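Data first, discussion second: the structure below is written as structure tokens.
Please read all numbers here as calculations on a predicted model, not as lab measurements.
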Amino acid sequence: MASTYKDKSLKVFTLNSNYKLAEDIANHIGTPIGKCTVSRFSDGEIQINIEESIRGCDVYVVQSTSSPVNEHLMELLIMIDALKRASARSINIVMPYYGYARQDRKARSREPITAKLVANLLETAGATRVITLDLHAPQIQGFFDVPIDHLQGVPILSDYFEAKNLEDIVVVSPDHGGVTRARKMADRLKAPIGIIDKRRPRPNVAEVMNIVGNIEGKTAILIDDIIDTAGTITLAANALIENGAKEVYACCTHPVLSGPAIERIDNSKIKELVITNTIPLPEEKMIDKITPLSVAPLIGEAIIRVHELQSVSILFD
């Protein structure tokens, strides 16, 4: 550890979703990971024991709600309750990946808005702040009545591609919903944008209808927030090549990569997939095409700024 953070009232804890990222965040701040254990009763019930005093402390709990989603969410809720009953001064949830974010509206009759339900659960349990990264829809911030710091992965991904010195770039959004994200990257890379006109007849199924923008002979960079089964991104990459793109790179903040995702990416026209470590990727899924980047410095800096009552907006640049 390079340095020790001066304020001992800041404590970082983590649960089971992403220990390596939490460790990197704590190292960036200069503080050790707090001591706690997560165990199970024989019937699967979760039990959490905090093994040091946190009375009067500002506690930051690092926990993505990635697979297994419900296990990790329940761990987090129980941890929040334990911290509240142990008299923590503030309970700050650092959620690099916010699960259930895709269920953010009623697209059909009688559907739940589960992203709002998760926000209610976190607040009712006792969370006093949320720090997260690239929500599926920015308006999910409005589901919370506690402060939320919504960090962005675009600068990290853009800096990587800028360093590659690619020529004749076009930044492509795989659907209409991601145009704002693509525009932010395009502005940083000083490149034009393109849009894949896609329809989704049912969840995890996508069909490419059209390509908006000039991609002929260009190096395309597809950018998305989440890649789950990789159907959308691989269809988009193949369509770009078929319509004259020279080569296709892809990137995302949250590599869910479930089901057939790895096989699809490996067999697709994607030259390189750049991801961040908001969700840990098992070794068997780390194929040659995938390049991981760390969000630990970004989140660590955000935690320091929140704790020291400084502006976080500078981290968006």
Does this structure show an ion pair linking Arg40 with Glu75, if we count only N-O contacts that are shorter than 4.0 Å?
yes
Minimum heavy-atom distance Phe144-Glu123, with the two atoms named
CA-OE2, 3.0 Å
Does a salt bridge link Glu162 with Lys190, judged by any charged N lying under 4.0 Å from a carboxylate O?
no
Quick check: do His72 and Pro68 have side-chain heavy atoms less than 4.5 Å from each other?
yes
Worked verdict on Met185 versus Ile221 for side-chain contact (heavy atoms from CB on, under 4.5 Å)
CA-CA 10 Å; Met185 175 175 271; Ile221 301 174; 4.0 Å; yes
Evaluate the ring planes of His254 and Tyr97, with Trp represented by its six-membered ring, and classify them as parallel (under 30°), tilted (30 to 60°) or perpendicular (over 60°).
tilted
Can you confirm whether Phe161 sits close enough to Val274 that some side-chain heavy atom of one is under 4.5 Å from a side-chain heavy atom of the other?
yes
Should Tyr19 and Asp24 be marked as a side chain to side chain donor-acceptor pair (under 3.5 Å) after you check the CA-CA gap, both sets of side-chain angles, and the distance that decides it?
CA-CA 9 Å; Tyr19 187 87; Asp24 291 346; over 6 Å; no
Residues Lys35 and Glu52 bridged, charged N to O under 4.0 Å
no
Lys218 side chain to Glu247 main-chain N or O, any donor-acceptor pair under 3.5 Å?
no
Rounded at 0.5 Å granularity, tell me how far CG in Leu122 sits from CG in Leu73.
6.5 Å
Is the shortest distance from a Lys or Arg side-chain nitrogen in Lys116 or Asp104 to a carboxylate oxygen in the other one below 4.0 Å?
no
Going by side chain to side chain contact (heavy atoms under 4.5 Å, CB included), name the residues that satisfy it together with Ser9, two or more places apart in sequence or in a different chain.
Asp7, Asp58, Arg89, His307
Reference residue Val38; test side chain to side chain contact (heavy atoms under 4.5 Å, CB included); the match among Thr14, Asn16, Ile78, Asn49:
Asn16
N-O pairing of Lys20 and Glu23 below 4.0 Å
no
Calculate, to the nearest 0.5 Å, the distance between atoms OG and CD1 belonging to Ser173 and Ile223 respectively.
8.5 Å
Side chain to side chain donor-acceptor pair (under 3.5 Å) between Asp228 and Ser258, worked out
CA-CA 6 Å; Asp228 187 354; Ser258 65; 2.3 Å; yes
Check the pair Thr4 / Thr31 against side-chain contact (heavy atoms from CB on, under 4.5 Å), numbers first and verdict last.
CA-CA 6 Å; Thr4 302; Thr31 187; over 6 Å; no
Cationic N near anionic O, under 4.0 Å, Glu242 to Lys269
no
Can you tell me how far CZ of Arg305 sits from OG of Ser313, rounded to the nearest 0.5 angstrom?
8.0 Å
Can Lys164 and Glu272 be said to form a salt bridge (charged side-chain N to carboxylate O under 4.0 Å, His left out), step by step?
CA-CA 12 Å; Lys164 286 180 80 74; Glu272 181 183 14; 3.1 Å; yes
Side chains of Leu76 and Val61 in contact at under 4.5 Å (non-hydrogen atoms):
yes
What is the distance from atom OG1 of Thr232 to atom CD1 of Ile226, rounded to the nearest 0.5 Å?
11.0 Å
Where do Val130 and Asn92 land on the side-chain contact (heavy atoms from CB on, under 4.5 Å) test, with the steps shown first?
CA-CA 6 Å; Val130 173; Asn92 306 275; over 6 Å; no
